Amino acid sequence: MDDFASQIYSQVHQIPYGKVSTYGDIARFAGYPGYARHVGRLMGSLPEGSALPWHRVINAKGEISLKGEDLVRQRNKLLEEGIEVSQAGKIRLARYRWDGR
DNA sequence: ATTATGACTGAAG
DNA sequence: ACTTCAGCCATAA
């Protein structure tokens, strides 16, 4: 596994239960600013039963980037953690920040 | 080498 | 709040 992947995984793993973070923030705080798209690429190529909380990663607009059935799966995962998500996929009040912007 | 394509982003209108 | 658009960067064709 290359350095990039391990750094990203480690960062995603730090998102607390019941909270969410964004592709951009994760890339940034993992030491790879500008690699938001690659974070998404990694999440997409994750093994089936991965222990990584990939579902807690959303886009900067505060919504789920997946579509159709995939969106529904991620939405359900978040709902199970008590996070409010509209049917369209918008998350309310659960953003996690490493800094505090 | 060139083009197209993404689980992306931020600024602008 | 919504749409367009220019940056972004590895991968695949």
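This one's a predicted model, so the numbers in the text were calculated from it and none came from an experiment.
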Within a strict 4.5 Å, meaning less than it, do heavy atoms of the [X] and [Y] side chains meet?
{"X": "Gln74(A)", "Y": "Ile58(A)", "answer": "yes"}
{"X": "Tyr9(A)", "Y": "Leu46(A)", "answer": "yes"}
{"X": "Val12(A)", "Y": "Met43(A)", "answer": "yes"}
{"X": "Arg97(A)", "Y": "Asp25(A)", "answer": "yes"}

Query raised in the report: With rounding to whole Å, what would you report as the distance between dA13(C) and dA7(B) at their P atoms?
Result: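 Taking atom P in both dA13(C) and dA7(B), they lie 15 Å apart.
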Query raised in the report: Ignoring hydrogens and angles, does a donor from either the side chain of Arg37(A) or the base of dC9(C) sit under 3.5 Å from an acceptor on the other?
Result: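 In this structure, the two groups form no donor-acceptor pair.
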**Report entry** Backbone of His13(A) reached by a side-chain donor or acceptor of Arg56(A) within 3.5 Å
**Finding:**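 Not confirmed, Arg56(A) side chain does not pair with His13(A) backbone.
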Query raised in the report: Would a distance-only check, ignoring hydrogens and angles, find a side-chain to backbone donor-acceptor pair under 3.5 Å from Glu81(A) to Gly18(A)?
Result: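 Side chain of Glu81(A) to backbone of Gly18(A), a donor-acceptor pair under 3.5 Å: yes, one is there.
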Query raised in the report: Contact class for Gly24(A) vs. all strands (heavy atom < 4.0 Å): base, sugar-phosphate, or nothing?
Result: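 It contacts sugar-phosphate atoms only.
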Euclidean distance, atom [atom1] of residue [X] to atom [atom2] of [N] [Å, nearest integer]:
{"X": "Arg92(A)", "N": "dA1(C)", "atom1": "CZ", "atom2": "P", "answer": "12 Å"}
{"X": "Glu69(A)", "N": "dA7(B)", "atom1": "CD", "atom2": "P", "answer": "16 Å"}
{"X": "Ile8(A)", "N": "dC8(B)", "atom1": "CD1", "atom2": "C1'", "answer": "13 Å"}
{"X": "Glu63(A)", "N": "dT9(B)", "atom1": "CD", "atom2": "P", "answer": "10 Å"}
{"X": "Ile26(A)", "N": "dC8(C)", "atom1": "CD1", "atom2": "C1'", "answer": "17 Å"}
{"X": "Lys90(A)", "N": "dA7(B)", "atom1": "NZ", "atom2": "C1'", "answer": "17 Å"}
{"X": "Arg28(A)", "N": "dT9(B)", "atom1": "CZ", "atom2": "P", "answer": "9 Å"}
{"X": "Tyr23(A)", "N": "dC8(C)", "atom1": "OH", "atom2": "C1'", "answer": "16 Å"}

Please produce a list of atom pairs where a protein N or O lies less than 3.5 Å from an N or O of nucleotides 10-13 of chain C.
| from | atom 1 | to | atom 2 | distance (Å) |
| --- | --- | --- | --- | --- |
| dA10(C) | OP1 | Tyr35(A) | OH | 2.8 |
| dA10(C) | O4' | His38(A) | ND1 | 3.2 |
| dA10(C) | O4' | His38(A) | NE2 | 3.2 |

Report task. Return the minimal non-hydrogen interatomic distance between Phe4(A) and His38(A), and the atom names on each side. Result ->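 Heavy-atom minimum between the residues: CZ-CB, 3.7 Å.
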Query raised in the report: Is any side-chain N or O of Thr22(A) closer than 4.0 Å to OP1 or OP2 of dC8(B)?
Result: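 Checking dC8(B) against Thr22(A), no side-chain N or O comes under 4.0 Å of OP1 or OP2.
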